[in-house]
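Worksheet: the structure to be examined is printed underneath.
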Amino acid sequence: MDTTNAFVVSLISGGAAGTATDLAFFPIDTLKTRLQAKGGFFHNGGFRGLYKGLGSAVVASAPSASLFFMTYDTFKRQFKSTLPTLFPSLSVSTTTHLSHMLAASMGEVAACMVRVPAEVIKQRTQSLQFKTSLESFKYILSNKSGEGVWKGLYRGWSTTIMREIPFTIIQFPLYEHMKQLWASYEKVEKVSPLKGALCGSIAGGFAAAMTTPLDVLKTRLMLSKERISVVTLAKNLVREEGYSVFFSGIGPRTMWISAGGAIFLGVYETVSSFLVSRDSEI
Ligand SMILES: *[C@@H]1O[C@H](CO)[C@@H](O)[C@H](O)[C@H]1NC(C)=O
């Protein structure tokens, strides 16, 4: 398959995978946001309206997942060929892991261009600050907060990246490594989509649990009425709510990301292997 086709395969597979996952786990994500929001679960809606904010998730999930996979696949190929020549002393498995990690981090930054505004709009709707995603979006466009439209849309950008990079550095190499181990155990070139999905699920759940404190900070920054720095926010949280606040929502977060990781990577691998096999028939 040439580079253009590989690109299209990443785009379609990533988009399909992202949409399937986001739809399936939306209510659990809402519970998580409400557990993390200031004032707690019941103050922010409890079990009412679990699909509030779905609109922004639907609109954003395919483009952000596609951006991720396009960037990931492109840089993975790039790094795999350049890293060994740049660092000839490193072993093949080290440069392979390093390329996965770097490529996935680049993928996350690219995805955040779409994901961050969508998250701001979504989380404010999930916590019932607004009735619909559209209202939440219009509030930012109106600049009523006084922070400016771009700053408003990208509220929590650096903290989201700060959450995604460690997440990726844990999840992706673990995922690729587990798949490789399983494949060499079975003496096949590639494990089945189902087994790949199981590896993704375990890797994702572990990474999700570890990065929960950064997720809490991101939620609070996005929901805050005024703009506040992440350092000030963290200090306030420790003083007012204690360290345990940094693990709020860890249950739903770990659960949805490990189950979501299985669906996301399962759909991704299935769609891309379908497209690749069809491609080779033509
Ligand atoms: C947003 O509002 C603030 C404060 O009222 C103002 O200083 C700023 O120029 C506005 N920005 C935009 C993009 O309208």
Side-chain angles (χ1 to χ4, degrees), residues 11 14-15 18-19 22 26 29-30 32-40 43-45 49 51-68 70-71 105-168 211 213-241 245-246 248-249:
L11 188 96
T19 308
D22 284 354
F26 195 83
D29 182 59
T30 305
K32 187 213 75 175
T33 296
R34 291 175 182 177
L35 282 165
Q36 292 178 341
K38 194 181 174 102
H43 181 76
N44 290 281
Y51 282 93
K52 288 277 178 195
L54 183 68
S56 62
V58 168
V59 170
S61 66
S64 80
S66 302
L67 268 176
F68 174 83
M70 271 160 38
T71 315
S105 300
M106 311 283 260
E108 291 297 346
V109 174
C112 278
M113 294 192 291
V114 175
R115 196 184 293 153
V116 169
E119 282 277 319
V120 174
I121 294 165
K122 184 194 75 182
Q123 292 205 296
R124 289 177 185 173
T125 318
Q126 284 177 321
S127 60
L128 307 187
Q129 287 184 19
F130 297 94
K131 281 205 189 73
T132 63
S133 296
L134 192 63
E135 235 177 72
S136 174
F137 183 41
K138 281 183 181 158
Y139 174 81
I140 299 174
L141 294 185
S142 74
N143 190 23
K144 277 199 193 99
S145 68
E147 64 187 313
V149 175
W150 286 107
K151 283 192 168 173
L153 282 172
Y154 283 93
R155 178 86 81 81
W157 161 266
S158 3
T159 307
T160 309
I161 306 250
M162 252 164 49
R163 178 196 71 170
E164 300 298 39
I165 301 218
F167 180 91
T168 297
T211 51
L214 294 163
D215 188 53
V216 171
L217 288 171
K218 171 205 152 283
T219 297
R220 290 295 183 99
L221 284 177
M222 288 184 171
L223 293 181
S224 163
K225 301 278 186 237
E226 304 93 40
R227 232 187 145 70
I228 180 174
S229 84
V230 65
V231 177
T232 313
L233 172 73
K235 282 185 187 152
N236 291 349
L237 284 180
V238 172
R239 199 180 57 237
E240 290 161 15
E241 302 177 47
V245 72
F246 292 109
S248 56

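Values in this document were obtained by computation on a predicted structure and should not be read as measured data. One-based numbering, in listed order, for ligands and for the atoms of each.
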Verify atom 14 (O) of ligand 1: protein non-hydrogen atom under 4.0 angstrom away
yes
Which residue owns the protein heavy atom closest to atom 1 (C) of ligand 1, what's the atom, and how far is it?
N143 ND2, 1.5 Å
Using atom types as modelled and distance alone, determine if a side-chain donor or acceptor of R155 lies under 3.5 Å from a backbone N or O of L221.
yes
Y154 and W157 aromatic ring geometry - parallel, tilted or perpendicular at 30°/60° bounds:
perpendicular
Can you list the residues that meet the side-chain contact (heavy atoms from CB on, under 4.5 Å) rule with S229, with sequence neighbours excluded?
V231, T232
Can you find an N/O atom of E147 closer than 3.5 Å to an N/O atom of ligand 1?
no
My question is simple, although I want it checked carefully: is atom 7 (O) of ligand 1 less than 4.0 angstrom from any protein heavy atom?
no
How are the rings of F130 and Y139 set relative to one another: parallel (under 30°), tilted (30 to 60°) or perpendicular (over 60°)?
tilted
Protein heavy-atom partner closest to atom 3 (C) of ligand 1 - residue, atom, separation in Å:
G146 O, 3.3 Å
Run the side-chain hydrogen bond (donor to acceptor under 3.5 Å, both in side chains) check on Q123 and K218 step by step: do they pass?
CA-CA 10 Å; Q123 292 205 296; K218 171 205 152 283; 3.0 Å; yes
